[in-house]
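Data first, discussion second: the structure below is written as structure tokens.
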Amino acid sequence: MDEERLWEMLESHRYKIVRSVCPSRLTPYLRQAKVLGQLDEEEVLHSPQFTNSAMRAGHMLDLLKSRGKNGALAFLESLKLHNPSIYTLVTGLEPSMDLNNFSGLIESSQLTECLAKAVASLQEELSWEKRQKLFLLQHCRQLKESKARLEAQAESLRGIEAECNRMKRELSTHFHEALKLKDELYSLSLRYSSALQEKDLVMTRCQRLQEEIYLIKQELQRARATSCERERPLRVTGDLQPLGEKLLRGEDKKVTSLVELETFSLVQEDSLEQNSEEALDSKRDELLDRMHSLRERAAMAEGQCKQYWEEKEHTLMECQKVQMECELYKEKICAFQVQVAELQKERDQAYIARDTAQLEISQSLLEKDSLRRKVFELTDQICELRKQAGPGEQGPRRKQRLVRMYAICPKDDSQESLMSVSEVQLWSNSSTESSRELAGSFQPGSPVPPCTMCSVPIRRRPAQRISSRITTVAFQANSLLEQISIIGGNQTGIFIHQVTPGSMADEMALSPGHQIVVVDYGVMEPGFKAFLEEATLEEALWVLERVNGFCCLSVRPNMEGYKKLLSDLNSKLVTSGDSFYIRANLSLEQRAGGELPVRCHDILHVTDTMCQGRWGACLVNPYSMKDMDAGTIPNYSQAQRQLITLIQELAQQSMAARKAACGGQPKLVCIVGTDKSKINPLWSSMDCATCDPCVLDGPRVSLQARNSIALMPYLLVKPRKPARARPVLLVPTLLGKSLADKLCLAKGFEKCPAQSGDAIQEKDPSNSSFRSLLQALEMLMEKNTHCLLDVGLESIQGLVAMEIYPIILLVTVGEKNAKKLRKVLQRLRVTEEQLLDCARREEPQLEAVPCLYSTISPSTWSDTDALVGYIRRAVADEQKKVVWLKQEPH
């Protein structure tokens, strides 16, 4: 066929082609046929102008039409491979896979590869359709079951409706009965009114009779009065009297009979009326109660019917949600199982490392026992040399003043000088030998005491004077804390507060007001030399508690500082001499009164390290550094145990619980590790249980005071108040690039020059890019403009070294809220999986940066514009806050 005929066939079926063809499946074949290029494919598949598949297919046809006959032939061949039904519709021929029927646009090898890919894609579609069929069958079975349940519910509702109709019929019959009773009541009321009229007639007749009786009595009285005047015979009077009495009796009987008749009729009518009223009231009340009960049952039936329909719709929606979440849970469970396998491998390695460490500790203990025996032998030799050197000195021992103690050569006597030199040589040789033999026992991974140690042997004498008015006192300090008591802390220093009279410390002229600078216990414990000038009270007590034998104390008089500390303690301005700032790496709940609730990343001001076995601390205001709520928090070892327990609980939680807690719940734990070869100032709280159990009955305590766990519940921090505006860094950096473009549209935000990360990492002042970067940053900060950095997290250390403290904002991105950033990701040509992978990779790196960071939770924004607005407000708020930097260990 010619070109016009081919395109006429295609254009006649253009509507069906663009509706049923998927361009992403046809473009690989068209590219191999060389009728479409890479740019054409990108334009068809990823151009933002085409919002649906039909528009993309139409644009693809337009491009192929510009390619002429080859475009039409290649398009028909791709339809033969991927859409056989459309090919048959357009050409009227059945698709055939014979190589002879294909045009020569593609070589045979490439055509075979395309055919294999087409078969594979068709197989995938077939498998997907089978899975979809199984899913639909299962869904159909579930719908049938729900239909059966609903039919049963409908049957029960029909029964309830029939019962309701029956009750309505009964109600109508009762209503008719009530009407009949009402008619009877009306007739009774008519009879009652007629009876009342008869009663009135009887009463009037009775009154007339009484009037007649009264008149008769008056006539009788007049007759009696006239009888005397006429002098009638007594017989006539006697005849009239009984006659009148008979008449009166007869009238009285009539009256009484009428009254009785009236009374009887009234009582009868009242009783009849009362009985009829009571019967009507009782029947009416029964009917009303029954009507109310029937109406209530009908309303309940209608409510249950509506509730069942709503439950049906709700269960259908939940079923769909559960099916979608089940697939997600399967993928997450697989990833979780892989992580568990890796954790098991790490646990096995940790067990092996623990066994090797225990073996090394046992070997070091055996070596210490041998060295202890050598020390005792050398002590005996020293005693014998003292006896030989000074046999005449047997007088009583006097208490010496601290200021006038033995110097390097205290006397000119040659005998005393020889004794001192030999004694110093013996002590130095023993210290050197013991320190060399035990140098291998303290490996980099071994625990270390919580204060700064030094394994270099020193020359010890009973007293030695050094610079800065520091005096060294050497004596037998058995149970040193029973001889002296101390107060103070890292801010004021450690002072001697009380000295037991008659003790060795009292004989060596130690008194209240002396500040302890150095504790050297290297003779009994090689390598034990603690500097207490910046030690906390808890650390100093831990060190002095382990001194139980010959030691050297370096002290200096500081009465002014001691008196000031006592006055502050007495006036309750302070509770101890401790004062330092820490950052919490875990959340602490308030379990009892006086405890301070702490959230992860809160800044705390510790003011007392010996507050009832805990630390006394205050929350710090992030804007003014003032102390706010006060209370107690666990000390370092207690918080470390809580941190390990919390990590174990989080590891045992299910995936569903983590997903539910991921959206709104605040961060509970921040895992921070440290190199055990470095000494952190916070390693100052030790339990008594950390002593070596093999030597508890010996004269000394082991220095193995810390386990092999390197998790840090607290970090030591220090404040900084920058005078200029701080630059801003958005994490994840993949998302920060797009957000920086939108922030620059508003006033007050500008981007930093390009390639700034390499210049910061080099930190070479002679580098031109480094100088230009510094000038640009200083210019933007002096203008009080928010500078947006385009660097990695590895460059933060270099910025802090240049005293530039960036604001780090972490945008928490999850699987749910990543969908809100689709437009931004399309503009960057980045998928959601790449963004999530970048966020997971960079979030652990934030714990290693020297300055703190802020988090933007997903609940604070709904789209990109809301996120940009929240970032502006967060940056303005962070500029007002104090900067907290991680303090490097000593």
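Under the side-chain hydrogen bond (donor to acceptor under 3.5 Å, both in side chains) criterion, N83 pairs with no residue at all, not counting sequence neighbours. Applying the salt bridge (Lys or Arg N to Asp or Glu O under 4.0 Å) criterion to D863, with sequence neighbours excluded, gives no partner residue. For R726, there are no salt bridge (Lys or Arg N to Asp or Glu O under 4.0 Å) partners at least two apart in sequence or on another chain. Scored by the side-chain hydrogen bond (donor to acceptor under 3.5 Å, both in side chains) test, R872 finds no partners at all (sequence neighbours excluded). With sequence neighbours left out, the side-chain hydrogen bond (donor to acceptor under 3.5 Å, both in side chains) criterion links Q307 to E311. Remark: Q138 pairs with no residue by the side-chain hydrogen bond (donor to acceptor under 3.5 Å, both in side chains) rule, at least two apart or across chains. Remark: K330 pairs with C326, E327 by the side-chain contact (heavy atoms from CB on, under 4.5 Å) rule, at least two apart or across chains. For E8, there are no salt bridge (Lys or Arg N to Asp or Glu O under 4.0 Å) partners at least two apart in sequence or on another chain. Checked against salt bridge (Lys or Arg N to Asp or Glu O under 4.0 Å), R841 has the following partners two or more places apart in sequence or in another chain: D837.
For residues 55-66, every residue pair satisfying the side chain to side chain donor-acceptor pair (under 3.5 Å) rule, not counting sequence neighbours, is listed here: R14-D62, E43-H59.
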Mind listing the side-chain donor-acceptor pairs of residues 139-149 below 3.5 Å, one per line with the distance, residues two or more places apart or on another chain?
from: S146; atom 1: OG; to: Q142; atom 2: O; distance (Å): 3.3
from: S146; atom 1: OG; to: L143; atom 2: O; distance (Å): 2.6

Cut-off 3.5 Å, no hydrogens considered: what does the side-chain donor-acceptor table look like for residues 154-164, sequence neighbours left out?
from: E155; atom 1: OE1; to: R158; atom 2: NE; distance (Å): 3.4
from: E155; atom 1: OE1; to: R158; atom 2: NH2; distance (Å): 2.4
from: S156; atom 1: OG; to: Q153; atom 2: O; distance (Å): 2.5
from: E163; atom 1: OE1; to: R166; atom 2: NE; distance (Å): 3.4
from: E163; atom 1: OE1; to: R166; atom 2: NH2; distance (Å): 3.4
from: E163; atom 1: OE2; to: R166; atom 2: NH2; distance (Å): 2.1

